[in-house]
Every structure is written in C-alpha cells, then in structure tokens.
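Let me begin by presenting the structure, written as structure tokens, before commenting on it.
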Amino acid sequence: MSERACFLLHLRPELVDEYLQAHEHVWPEVLEALGRSGWRNYSLFLRAEDGLVVGYCEADDFEAASAAMEREEVSARWEASVQRFFLPAPGPGDRPRERLVEYFHLA
C-alpha cells in the first residue's frame, strides 16, 4: 500500500520568483534519484505572497524514501543549490521540512 506524505517548506518571499525559475529545470539526475529512492506522484504547491510551499508525494514508506534520497550524492548538491531560498528552520535540530499528519482521505 502506498503512503501519502504532505509537508511544508517556507521560502524567503523575496526569492520566490528565482526559486520557481530553478524548478523549471530540475536536474535530470535529481529526478532519477527521486524515482530510485521511491518517491512517486510528487508535487509542490506555492502560496506566493508569503512563500509557503506545500509538498505532496507517495511512497511505500516515506521515511525510508526520504532517507534513501538523503544518501543520494546528487541530493546534497541540489539541496546546496537551493538552500538559500528557504527560511531557516524554527529551532536547533529542526528540519526545514515540516511533515503534516493526514487525518482524512476520500479515495
């Protein structure tokens, strides 16, 4: 069974346009790594006025797929290239990605 995952990211509002431009040409190696890691049906949604990004993907096990992606060499390079677009995590040790809990689903 596939697990659905939804998460929030917070962009620097002044860099939203540049962030969108970066995603017009996601590196093919990143896309291949996402597939190898088990990410499927991956989408990003934006509320441009304040830089809120909502991510959604499906995986057999989202935590395992995320860990597999973190082990991909290209992931570290991609993250380094886009890191400046994001607001810092709220507290020490916090991840910049905030996962949401699914409480209802209509199939």
Side-chain angles (χ1 to χ4, degrees):
M1 179 171 190
S2 190
E3 178 182 359
R4 291 178 303 278
C6 186
F7 52 89
L8 302 178
L9 300 164
H10 302 276
L11 296 174
R12 296 177 186 277
E14 69 275 13
L15 297 178
V16 165
D17 290 339
E18 196 175 340
Y19 171 80
L20 292 174
Q21 289 172 1
H23 279 78
E24 288 177 12
H25 306 285
V26 175
W27 306 339
E29 303 94 326
V30 171
L31 301 176
E32 292 164 6
L34 285 164
R36 272 193 309 274
S37 297
W39 291 59
R40 298 184 303 275
N41 202 21
Y42 182 25
S43 296
L44 295 169
F45 303 87
L46 171 68
R47 186 171 65 198
E49 59 268 18
D50 64 357
L52 177 67
V53 173
V54 176
Y56 171 86
C57 78
E58 297 171 359
D60 292 336
D61 177 333
F62 180 68
E63 292 304 321
S66 293
M69 190 60 189
E70 288 177 14
R71 291 189 298 272
E72 293 276 352
E73 181 273 334
V74 71
S75 180
R77 288 190 292 119
W78 175 260
E79 292 298 323
S81 77
V82 298
Q83 181 178 10
R84 68 188 184 85
F85 297 119
F86 295 97
L87 292 170
D94 288 346
R95 296 179 62 118
R97 179 178 64 212
E98 176 186 350
R99 185 153 179 210
L100 302 177
V101 175
E102 180 178 16
Y103 64 92
F104 177 80
H105 174 73
L106 174 65

Discussion item. Do Leu52 and His10 make a side-chain contact, defined as non-hydrogen atoms from C-beta onward lying under 4.5 Å apart?
Written reply: yes
Discussion item. Ignoring hydrogens, what is the shortest heavy-atom contact between Ala65 and Gly38? Give both atom names and the distance.
Written reply: CB-C, 4.3 Å
Discussion item. With heavy-atom distances below 4.5 Å as the criterion, would you say the side chains of Val30 and Met69 are in contact?
Written reply: yes
Discussion item. Closer than 3.5 angstrom, by distance alone: can the side chain of Ser81 be matched with the main-chain N or O of Trp78 as a donor-acceptor pair?
Written reply: yes
Item to complete: Mind listing the closest non-hydrogen atom pair of Glu49 and Pro13 along with its distance?
Response: O-CB, 4.5 Å
Discussion item. Taking Tyr19's backbone N and O only, do any of them form a donor-acceptor pair with His23's side chain (distance below 3.5 Å, no angle check)?
Written reply: yes
Discussion item. Distance check, rounded to the nearest 0.5 Å: Ser37 atom OG versus Glu70 atom CD?
Written reply: 9.5 Å
Practice prompt. To the nearest 0.5 Å, tell me how far Leu31 CG sits from Trp39 CH2.
Written response: 12.5 Å
Worksheet item: Thinking salt bridges, do Glu63 and Arg99 make one under a 4.0 Å N-O criterion?
Response: yes
Worksheet item: Would you say Glu102 has more than 12 foreign heavy atoms packed within less than 6.0 Å of its CD?
Response: yes
Worksheet, complete the sentence: Output for pair (Glu79 CD, Glu72 CD), nearest 0.5 Å, gives 12.5 Å
Fill in: Close side-chain approach of Leu8 to Val54, heavy-atom, < 4.5 Å
yes
Discussion item. Can a donor-acceptor pair be found, under 3.5 Å and without considering hydrogens, that links the side chain of Glu3 to the backbone of Phe62?
Written reply: yes
Fill in: Arg4 side chain to Tyr56 backbone, donor-acceptor under 3.5 Å
no
Worksheet item: Can you name the closest pair of heavy atoms from Leu44 and Gly55 and give their distance?
Response: CD2-CA, 3.8 Å
Worksheet item: How far does SG of Cys6 sit from CD of Glu58, to the nearest 0.5 angstrom?
Response: 11.5 Å
Worksheet entry | Criterion side chain to side chain contact (heavy atoms under 4.5 Å, CB included) against Leu11, the qualifying member of Leu46, Asp50, Leu20 | Leu46
Response to the item:
CG (Leu34) and CZ (Arg40) are apart, to the nearest 0.5 Å, by 12.5 Å
Worksheet item: What class does the angle between the rings of Tyr42 and Phe7 fall in, given that below 30° is parallel, 30 to 60° is tilted and above 60° is perpendicular?
Response: tilted
Response to the item:
On a heavy-atom basis, the closest approach of Ala48 and Val16 is O-CG2, 4.0 Å
